[in-house]
*Asks:* 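Take a look at this one; I'll ask things after.
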Amino acid sequence: MSKVAAFPVDKDVQEYDEYSFTLPELYRELAKEELREDDAVRERSLTEMRQWIVNNSYIRKCRMDAKFLLRFLRAKKFSVPMACEALERYLMMREMYPGWFKGLDSSVAVMKELYMDGGVSILGQDSLGRTVVFFRIGLFEAEKLVPPQGGKFIALLIESMLEWEEVQIGGLQVMVDYTDMDMKIFEKWSSSELQIIMNAYTLSYPVRYNDTHAAKLPKKAVPIIEQILSFADPKIRERINCYATVAEMQKHFDPMLTPKGYGGEIDLDALNRKMWARIEQQHDVLMGMDDMEIDMDHYTPIWDELLANVPTQVPLH
């Protein structure tokens, strides 16, 4: 596939498609109640954020389409200054670690293999509008989940889902089954590499995480998982619920999204094929984002200062 952007990244191109809210009414209500979003707020905020980008000489090229900017506005409940700050942090992350967060290419064979192996499945939207992501850690092959490839795989999924407005508004619910987890998954990962991905997933990507439910974490893996989570946003850690058995965790699946083997009827192999096809539809969009550009001489010291202020190794209770 060719690298063709589905939008302009040149700030001088002042042409934007007219935005239209096309999601079900549930999401319009969620956006209003939880994000303070309505048609007037959305239009005004997009205009202000676009003008801020145009005026910011340190951001040289950037997506200006509504779907992209709404990622940040919705994550920050339409506080334009906070959304602009979040955009800068996101662009800095991509430039500081291009091997991890650029070149997110769904046409690379191992990316598809990682998804089809079944270690992670995007189940769809539950009755509350949340997109449910289900991890079966035991199905990941350790030799494929090595850095930076393993981190790039999850980044590909996150970037793809952030193109879906139901994810921007409804956020994610995460379900994790650690049954038969291979401890070799962690052998190739250093502490600094774990910090890179967790800072990205929880602090730099504008994802709205709801609750997480996890089960059957092996005792020998607890110190490693605690270390990983110590790099995450404290608010996310507070929403993690752990269970001794899978039966306890599976009670938290939406009945319409419960997989076979967990008390439901969802065929995960068939669903994974369908969802991967949807991810592939975002190929040109994600690859085109590599054309965004910032002034690294200006932003590198700012990034270093941001990292210095991120708490690490926080004890979990």
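Note: hydrogens, waters and symmetry copies are ignored here, and every other heavy atom, side chains too, is used. These numbers were taken from a predicted model, which means no experiment stands behind them.
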*Asks:* Run the side-chain contact (heavy atoms from CB on, under 4.5 Å) check on Phe231 and Thr202 step by step: do they pass?
*Replies:* CA-CA 9 Å; Phe231 301 127; Thr202 70; over 6 Å; no

*Asks:* Please determine whether a side-chain nitrogen of the Lys or Arg among Arg130 and Asp211 lies less than 4.0 Å from a carboxylate oxygen of the Asp or Glu.
*Replies:* yes

*Asks:* Say whether Glu88 and Tyr299, considering side chains only, have a donor N or O and an acceptor N or O under 3.5 Å apart.
*Replies:* yes

*Asks:* A side-chain contact here means heavy atoms from C-beta on lying under 4.5 Å apart; do Tyr262 and Arg136 qualify?
*Replies:* yes

*Asks:* Give me each pair satisfying salt bridge (Lys or Arg N to Asp or Glu O under 4.0 Å) with a member in residues 179-204, each pair once, sequence neighbours excluded.
*Replies:* none

*Asks:* Please test Gln227 against Ser191 for side-chain hydrogen bond (donor to acceptor under 3.5 Å, both in side chains), starting from the C-alpha separation and ending with a verdict.
*Replies:* CA-CA 8 Å; Gln227 180 187 25; Ser191 177; 3.1 Å; yes

*Asks:* Assign the ring pair Phe153 / Phe140 to parallel, tilted or perpendicular, where the plane angle (0 to 90°) is split at 30° and 60°.
*Replies:* perpendicular

*Asks:* Does Thr245 form a side-chain hydrogen bond (donor to acceptor under 3.5 Å, both in side chains) with Glu248? I'd like the steps, not just the answer.
*Replies:* CA-CA 6 Å; Thr245 68; Glu248 293 176 273; 3.0 Å; yes

*Asks:* How many angstroms lie between atom CZ of Arg273 and atom CG of Leu268, to the nearest 0.5 angstrom?
*Replies:* 11.0 Å

*Asks:* Can you sort out the partners of Phe21 under ring pair (Phe, Tyr, Trp, His ring centres under 6.0 Å), two or more places apart, ordered by chain and number?
*Replies:* none

*Asks:* Taking all heavy atoms of Leu73 and all of Met49, pick out the closest pair and write down the distance.
*Replies:* CG-SD, 3.8 Å

*Asks:* Run the numbers on Glu37 and Lys32 for salt bridge (Lys or Arg N to Asp or Glu O under 4.0 Å), then give the verdict.
*Replies:* CA-CA 5 Å; Glu37 174 181 353; Lys32 180 65 174 177; over 6 Å; no

*Asks:* Does any part of the side chain of Pro218, heavy atoms only, come nearer than 4.5 Å to the side chain of Met181, both counted from C-beta?
*Replies:* yes

*Asks:* Tell me every residue that passes salt bridge (charged side-chain N to carboxylate O under 4.0 Å, His left out) with Glu29, counting only those two or more places apart in sequence or in another chain.
*Replies:* none

*Asks:* Within a strict 4.5 Å, meaning less than it, do heavy atoms of the Thr300 and Met96 side chains meet?
*Replies:* yes

*Asks:* With the side chain counted from C-beta on, respond yes when Asp117 and Glu141 share a heavy-atom pair under 4.5 Å apart, and no when they do not.
*Replies:* yes

*Asks:* Do Arg74 and Gln168 have a side chain donor and acceptor closer than 3.5 Å?
*Replies:* yes

*Asks:* Do side-chain atoms of Asn199 reach the backbone of Met93 as a donor and acceptor pair under 3.5 angstrom?
*Replies:* no

*Asks:* Indicate, with yes or no, if Ile169 and Met82 share a hydrophobic cluster defined by side-chain heavy-atom contacts under 4.5 Å among Ile, Leu, Val, Met, Phe, Trp and Tyr.
*Replies:* no

*Asks:* Quick one: does Trp52's side chain get under 4.5 Å of Leu87's, heavy atoms only?
*Replies:* yes

*Asks:* To the closest 0.5 Å, what do you measure between CH2 (Trp276) and CG (Leu114)?
*Replies:* 8.5 Å

*Asks:* According to salt bridge (charged side-chain N to carboxylate O under 4.0 Å, His left out), who are the partners of Asp267, at least two apart in sequence or on a separate chain?
*Replies:* none

*Asks:* Determine whether Thr212 and Asn241 make a side-chain contact, defined as any pair of heavy atoms from C-beta on separated by less than 4.5 Å.
*Replies:* no

*Asks:* Could you tell me whether the side chain of Met175 reaches within less than 4.5 Å of the side chain of Phe135, counting heavy atoms only?
*Replies:* no

*Asks:* State, yes or no, whether a side-chain contact exists between Tyr90 and Phe101 at a heavy-atom distance under 4.5 Å.
*Replies:* no

*Asks:* Could you give the distance from CG (Leu172) to CD (Gln125), rounded to the nearest 0.5 Å?
*Replies:* 9.5 Å

*Asks:* I'd like to know whether the aromatic ring centres of His252 and Tyr243 sit less than 6.0 Å apart in this structure.
*Replies:* yes

*Asks:* Got a sec, which residues hit salt bridge (charged side-chain N to carboxylate O under 4.0 Å, His left out) with Asp233, two or more places apart in sequence or on another chain?
*Replies:* none

*Asks:* When clusters are formed by joining ILVMFWY residues with side-chain heavy atoms under 4.5 Å apart, either directly or through shared neighbours, do Met116 and Ile137 land in the same one?
*Replies:* yes

*Asks:* Please say yes or no: joined through hydrophobic side-chain contacts below 4.5 Å, possibly via intermediate residues, are Ile228 and Val120 part of one cluster?
*Replies:* yes

*Asks:* Are the side chain of Tyr209 and the backbone N or O of Arg239 linked by a donor-acceptor pair below 3.5 Å?
*Replies:* no

*Asks:* Side-chain donor-acceptor pair under 3.5 Å between Ser20 and Thr22, yes or no?
*Replies:* no

*Asks:* Is the backbone of Ser127 close enough, under 3.5 Å, to the side chain of Asp254 for a donor and an acceptor to pair up by distance?
*Replies:* yes

*Asks:* What pairs of residues pass the ring pair (Phe, Tyr, Trp, His ring centres under 6.0 Å) test when at least one of them lies in residues 161-197, not counting sequence neighbours?
*Replies:* Trp100-Trp189

*Asks:* Begin from the C-alpha positions of Arg36 and Val41 and carry the test side-chain contact (heavy atoms from CB on, under 4.5 Å) through to its verdict.
*Replies:* CA-CA 8 Å; Arg36 308 166 188 163; Val41 167; 5.7 Å; no

*Asks:* Salt bridge between Glu34 and Arg208, side-chain N to carboxylate O under 4.0 Å?
*Replies:* yes

*Asks:* Would you check, one step at a time, whether the test side-chain contact (heavy atoms from CB on, under 4.5 Å) holds for Glu163 with Gln281?
*Replies:* CA-CA 10 Å; Glu163 288 296 308; Gln281 291 174 359; over 6 Å; no

*Asks:* Rounded to the nearest 0.5 Å, what separates atom CE in Met64 from atom CD in Gln51?
*Replies:* 8.0 Å

*Asks:* Does the distance from a Lys or Arg side-chain N to an Asp or Glu carboxylate O, for Glu113 and Lys144, drop under 4.0 Å?
*Replies:* yes

*Asks:* Quick check: is Leu128 connected to Leu123 through a chain of hydrophobic side chains (ILVMFWY, heavy atoms under 4.5 Å apart)?
*Replies:* no

*Asks:* May I ask whether Val132 and Met256 are part of the same hydrophobic cluster, defined by side-chain heavy atoms of I, L, V, M, F, W, Y residues being less than 4.5 angstrom apart, directly or through others?
*Replies:* no

*Asks:* So Cys62 and Val9, side-chain contact (heavy atoms from CB on, under 4.5 Å) or not? Walk me through it.
*Replies:* CA-CA 5 Å; Cys62 185; Val9 295; over 6 Å; no

*Asks:* What verdict does the salt bridge (Lys or Arg N to Asp or Glu O under 4.0 Å) test give for Glu95 and Lys102, after you've listed the backbone C-alpha separation in whole Å, the side-chain angles of each residue and the deciding distance to 0.1 Å?
*Replies:* CA-CA 8 Å; Glu95 292 296 333; Lys102 286 191 172 186; 2.8 Å; yes

*Asks:* May I ask you to check whether Ser106 and Glu280 show a side-chain donor-acceptor distance below 3.5 Å?
*Replies:* no

*Asks:* Does Glu159 come within less than 4.0 Å of Arg94, counting only side-chain N to carboxylate O?
*Replies:* yes

*Asks:* Look at Arg60 together with Asp295 and state whether they make a salt bridge at an N to O cut-off of under 4.0 Å.
*Replies:* yes

*Asks:* Using only heavy-atom distances, determine whether the side chains of Glu265 and Thr258 contain a donor-acceptor pair under 3.5 Å.
*Replies:* no

*Asks:* Can Arg278 and Glu166 be said to form a salt bridge (Lys or Arg N to Asp or Glu O under 4.0 Å), step by step?
*Replies:* CA-CA 14 Å; Arg278 190 177 181 190; Glu166 58 264 40; 2.9 Å; yes

*Asks:* Flag the pair Arg63 and Asp65 as a salt bridge only when some basic side-chain nitrogen lies within less than 4.0 angstrom of an acidic carboxylate oxygen.
*Replies:* yes

*Asks:* Hey, what do you get for OG (Ser204) to CD1 (Ile158), rounding to the nearest 0.5 Å?
*Replies:* 10.5 Å

*Asks:* Drop me the distance from Lys260's NZ to Asp269's CG, to the nearest 0.5 angstrom.
*Replies:* 9.5 Å

